[in-house]
Amino acid sequence: TVTFIEPKSGSFAGLGHGICDSETGSLLPLSRGVVVDVTINGIQKGQSGAPGELKGHFASGKMGSLLGNTHAGVFGIMTSLPDGVKEETALPIALKNEMHDGEATILCTLDEGGIRSYQVSVRKLKNSLENKNMEITVTDPALLEKTGGIVQGMSGSPIIQDGKIIGAVTHVLINDPAKGYGIFIENMLDAAE
């Protein structure tokens, strides 16, 4: 999931965590990669002990190229901007010292209805890991009903607070899918440089 696109340059970041080897946990070297659109056509709801997932299929046609794979996410350049991405609709970012515990929203696509906003509660973590900077609790009844909370495929979903992007969803707690972690947008931007 793309977290943000800078409309002027077309640069983007996504996931909020790296693409890693499933056995070793090591970052996979990136020789090349492309960005494509996805159609979501199903949801496996998360339950305690069994993380859920978004199901879908990739569309044909390249929308961009991946240039980097880091512990703070993937980065690249869009060759064509998705509908609705314009400079005048861009949100500002909030640095980690501007983020506060409390209400926020995440943006994600769960069906053909497109991007929707869902209510969450966030709490900044002290002494946090690289991409686990805040705890997220899903409070939105519609999202809990559809997914059980955070599911695989939601990594990179932007977290918005007070009209600013504060970070992205990165992980789900397997024993409680209504909870998970997020990364500060500041950490993603630092890794992109």
Of Thr3, Ile5, Leu67, the residue whose pairing with Phe12 passes side chain to side chain contact (heavy atoms under 4.5 Å, CB included):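 When side chain to side chain contact (heavy atoms under 4.5 Å, CB included) is applied between Phe12 and each of Thr3, Ile5, Leu67, only Ile5 qualifies.
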For Val169, run the side chain to side chain contact (heavy atoms under 4.5 Å, CB included) check against Ile150, Leu15, Ile183 and tell me which one passes.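 It is Ile150, the one option of Ile150, Leu15, Ile183 that forms the side chain to side chain contact (heavy atoms under 4.5 Å, CB included) with Val169.
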Lys8 and Ser11: side-chain donor and acceptor closer than 3.5 Å?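 Checked: Lys8/Ser11 side chains show no N/O donor-acceptor pair below 3.5 Å.
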Could you verify whether a donor N or O on one side chain and an acceptor N or O on the other, from Asn187 and Asn131, lie under 3.5 Å apart?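 No pair is found: no donor N or O on one side chain lies under 3.5 Å from an acceptor on the other.
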Between [Y] and [X], is there a side-chain heavy-atom distance shorter than 4.5 Å?
X: Lys124; Y: His100; answer: no
X: Lys62; Y: Val35; answer: no
X: Ile166; Y: Ile185; answer: no
X: Gln152; Y: Leu54; answer: no
X: Val172; Y: Val151; answer: no
X: Ile136; Y: Ile159; answer: yes
X: Leu143; Y: Ile106; answer: yes
X: Leu107; Y: Ser157; answer: no

So if you build clusters from Ile, Leu, Val, Met, Phe, Trp, Tyr with side-chain heavy-atom gaps below 4.5 Å, do [X] and [Y] land together?
X: Met154; Y: Ile115; result: no
X: Val74; Y: Val34; result: no
X: Val2; Y: Val36; result: no
X: Leu189; Y: Ile165; result: yes
X: Phe184; Y: Val120; result: yes

Please indicate whether [X] has more than 12 foreign heavy atoms, meaning atoms of other residues, nucleotides or ligands, lying under 6.0 Å from its [atom1].
X: Leu125; atom1: CG; answer: yes
X: Lys45; atom1: NZ; answer: yes
X: Leu27; atom1: CG; answer: yes

On a heavy-atom basis, which atom in [X] and which in [Y] lie closest, and how many Å separate them?
X: Ala191; Y: Ala72; value: CB-CB, 3.5 Å
X: Met134; Y: Val122; value: SD-CG1, 4.2 Å
X: Gly14; Y: Met188; value: O-CE, 3.9 Å
X: Leu30; Y: Gly33; value: CD1-N, 4.3 Å

What is the distance from atom [atom1] of [X] to atom [atom2] of [Y], rounded to the nearest 0.5 Å?
X: Ile160; Y: Ser117; atom1: CD1; atom2: OG; value: 8.0 Å
X: Lys164; Y: Met99; atom1: NZ; atom2: CE; value: 13.5 Å
X: Glu103; Y: Gln119; atom1: CD; atom2: CD; value: 6.0 Å
X: His71; Y: Ser26; atom1: NE2; atom2: OG; value: 8.0 Å
X: Ser48; Y: Ile174; atom1: OG; atom2: CD1; value: 10.0 Å
X: Gln161; Y: Thr105; atom1: CD; atom2: OG1; value: 9.0 Å

Once you measure the plane-to-plane angle for Tyr181 and His171, does it fall in the parallel (<30°), tilted (30-60°) or perpendicular (>60°) bin?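 Plane angle over 60°, so perpendicular.
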So does Arg116 pair up with Asp111, basic N to acidic O under 4.0 Å?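 Not counted as a salt bridge, because no side-chain N and carboxylate O are separated by less than 4.0 Å.
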I'd like to know if Lys55 and Glu53 make a salt bridge, using a cut-off of under 4.0 Å between side-chain N and carboxylate O.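 Yes, this pair counts.
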Keeping the roles fixed (side chain from [X], backbone from [Y]), state whether a donor-acceptor pair exists under 3.5 Å.
X: Ser65; Y: Ile77; value: no
X: Gln47; Y: Ala50; value: no
X: Asn69; Y: Leu28; value: yes

Taking side-chain hydrogen bond (donor to acceptor under 3.5 Å, both in side chains) as the definition, give me every residue that meets it alongside Gln44, ordered by chain and number, with sequence neighbours left out.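 Once residues adjacent in sequence are excluded, Gln44 has no partner under the side-chain hydrogen bond (donor to acceptor under 3.5 Å, both in side chains) criterion.
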